[in-house]
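Presented below is the structure to which this report refers.
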Amino acid sequence: MQSSKLVVSALTLTLALGIGGCGKKDGAGGEVIRIGSVAPLTGPQTHIGKDNENGARLAVDEINAKGLELGGKKVKLELLGEDDQAEPKTATIVAQKLVDAGVVAVIGHLNSGTTIPASKIYHDAGIPQISPSATAVAYTAQGYKTAYRVMANDAQQGKALGEFAVNKMGARKIAIIDDRTAYGQGLADQFEKAARAVGGVMVAREFTNDRATDFSAILTSIKGKAPDLIFFAGMDPQGGPMAKQMKSLGLTARMLGGDGLQNANFVKLAGADAEGVVASSPGLPIDSMPGGPEFRGKFEAKYGVIQVYAPYAYDAVYALVTAMQRADSAEPAKVLAELPNTDLQGVSGPVKFDAKGDTVGGAVTLYEVRDGAWQVLETVN
Amino acid sequence: MDIFIQQLVNGLVLGSIYALVALGYTMVYGILELINFAHGEVTMIGAMVALTVIGLLVGVAPDLPGILVVLGGILVAIPACMLLAFSIEKVAYRPLRKAPRLAPLITAIGVSIILQNLAMLIWGRQYVSFPPLLPTMQFELLGAHISLLQIVIMALAVSIMAGLWILVERTRLGRAMRATAQSKEVAGLMGVNVDRVISATFIIGAAIAAIAGVMVSAYYGLAHYYMGFMLGLKAFSAAVLGGIGNIAGAMLGGLLLGVIEALGAGYIGDITGGFLGSHYQDVFAFFVLIAVLVFRPSGLLGERVANRA
């Protein structure tokens with residue numbers, strides 16, 4: 001029986017590999033500590049997902065090069081990159097996969113829509129999760145002691161955007177489009193609340209999804225309501241073509257977006273129609289970050305242009321590793337006890353957590369596209 | 001009123017794109033009764049190849065008029081897609097022609113995944129933007145904005161459909177195609193080279209897909225290794241809506257689906273007072289599809305289902 005022999009040898013091979021993988025010893029005899037990194041590595045948001053993973057990998061490689069000692073033993077970090085496809089259901093599968101692979105912590109996920117369902121799995125397994133980029137308020141509002149983020153949340157960002165739209169851009173009639181993800185929906189709600197509070201009037205609330213490229217129907221419908229400003233809560237793959245279609249439909253309203261739009265790719269996709277678009281990003285502009293220029297140099301030498309969140313993924317790894325160092329252990333329970341005491345000068349700014357796991361005092365910066373590049377307008381604290 | 005006309009224009013342009021891609025599905029289904037799920041990816045490859053050529057041309061000859069550059073891209077993309085479709089058929093579908101119908105269907109899904117990943121390896125994960133080469137001329141039609149590109153897309157869709165109809169109904173190859181569709185065995189006995197006819201069907205569908213791919217990326221200003229998936233799904237729905245296997249049906253189904261989507265998304269929020277929003281855009285289109293399939297299972301223009309089975 002040729003086939004059954006094959007099956008047996010395949011099984012043996014798998015077992016051998018499995019045992020090899022569980023050995024947790026590297027060539028030099030040091031212990032290997034596994035950290036998970038989850039972001040979409042396929043699908044429309046791949047470029048941002050890979051950016052997160054690269055940010056985390058840069059930190060891990062640096063720490064390994066310097067050498068890390070925990071409990072008197074030399075250890076080596078290993079980053080396990082997983083792809084959640086920006087899909088909530090895939091997110092829980094890869095989360096479980098990482099837990100089963102014995103990771104001590106997870107850096108991720110990218111999107112709020114994937115971070116929130118995955119956070120329950122990490123919570124149940126008792127391992128810390130630090131998201132570099134999930135901004136939805138709901139993530140840290142679940143009461144999980146394992147959930148942290150290193151970026152300002154949507155309550156802070158939505159408030160800054162809503163007030164800026166009405167007070168600085170002079171918008172009275174506002175239309176909102178969100179992409180129905182946890183991020184888009186959450187940010188749109190926070191924006192609406194803040195804009196209403198300072199006298200903005202919502203004339204339309206339309207929806208799309210994070211795979212769409214055609215927005216002519218909803219934009220035409222919005223055009224009929226003649227708003228001064230259109231706020232889009234979503235990512236650049238949708239925002240780019242949306243800016244184009246706004247112009248070709250003859251819409252004169254200004255376009256405003258959150259951190260999902262504030263990246264180089266948006267300007268590339270929208271081309272000349274990106275001019276005058278305003279978007280926010282939590283934190284300081286990369287060149288104003290304390291370690292920004294240095295980080296940019298290191299990152300670009302290895303991986304090319306920074307998309308958005310790479311510095312945050314990098315800081316997330318350092319927040320985790322410094323907690324490990326204080327605990328002098330990689331044991332999740334001990335690391336979790338130390339994470340609230342984090343006080344780190346990261347590349348993106350100071351990293352400190354409040355009782356919920358949110359970053360303390362996250363700044364929000366507003367940018368406008370001028371002459372084909374994002375220019376800083378102002379930073380709101 | 002001008003808003004309604006604008007929505008109609010939006011829908012017709014979107015529908016023309018669906019129709020162009022749907023033609024490829026319907027031709028292959030008409031002859032092989034195979035749903036070629038890799039067709040959406042062929043469209044994507046067409047867009048990507050054209051963009052690569054356009055990028056090269058812009059680099060080599062920056063003074064060349066934009067239209068010629070885009071034309072150059074299309075002229076390379078068409079043979080590239082033809083070759084691709086020919087190889088797909090030969091490698092993936094021909095060996096399975098006598099296998100149960102599920103086998104080539106699963107193979108088609110496999111080919112689609114392979115092409116997506118191949119494109120990701122070649123062109124990267126980034127969105128590739130379409131350079132602003134085409135004139136952005138705009139016309140006003142009863143208060144609606146319509147661009148030159150939109151008119152070109154609609155005109156192209158109609159003329160390609162007409163050309164295809166003439167090919168199938170009026171030429172020798174077309175007669176061989178129709179004969180093969182009725183019965184491969186009998187057509188073979190009558191001296192039709194069935195393998196060649198099937199290859200020709202795939203190749204023609206791919207050429208149209210290449211043009212559609214370039215149109216889509218020019219219209220939305222971007223291309224991406226992932227773009228063929230949803231486009232293929234919608235085009236497939238359009239083909240089923242119109243009656244799969246029927247060329248005029250693909251056109252009708254495409255246009256109808258486009259208009260339903262545009263009007264549905266544009267008005268559902270206002271009509272239901274915000275109870276249902278524009279996120280039901282796709283639901284609306286597929287709801288109509290289900291309704292048609294329940295009351296007219298062969299699609300709007302489809303026939304001959306009973307005597308096929």
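So you know, we letter chains A, B, ... as the sequences are listed, proteins then strands, and number each from 1.
Contact annotation for B:Y219: only side-chain heavy atoms (C-beta onward) come within less than 4.5 Å of a heavy atom of chain A. The contact between B:M120 and chain A is made entirely by side chain atoms (from C-beta outward), counting heavy-atom distances below 4.5 Å. The contact between A:K244 and chain B is made entirely by side chain atoms (from C-beta outward), counting heavy-atom distances below 4.5 Å. With a 4.5 Å cut-off on non-hydrogen atoms, B:Q138 touches chain A through its side chain but not through its backbone. Residue A:Q45 does not touch chain B at all, counting heavy-atom pairs closer than 4.5 Å. Of the atoms belonging to A:N265, it is side-chain heavy atoms, and not backbone ones, that fall under 4.5 Å from chain B. Using a 4.5 Å cut-off between heavy atoms, A:L219 makes no contact with chain B at all.
Options A:P241, A:P237, A:P44, A:G250 differ in how many heavy-atom pairs under 4.5 Å they form with chain B, and the most are formed by A:P44.
Below 30°, between 30° and 60°, or above 60°: for B:Y25 and B:F236 the angle between ring planes is between 30° and 60°, a tilted geometry.
A salt bridge links A:R254 with A:E368: the distance from a Lys NZ or Arg NE/NH1/NH2 to an Asp or Glu carboxylate oxygen falls below 4.0 Å.
Checked by atom type, the side-chain pair A:Y309/A:D51 shows no donor-acceptor distance below 3.5 Å.
Surrounding NZ of A:K97 are at most 12 heavy atoms belonging to other residues, nucleotides or ligands under 6.0 Å away.
Proximity of B:D2 to B:L142: side-chain heavy atoms (C-beta onward) are nowhere separated by under 4.5 Å.
With A:Y303 as the fixed residue, the side-chain contact (heavy atoms from CB on, under 4.5 Å) test singles out one of A:E53, A:K50, A:R57: A:R57.
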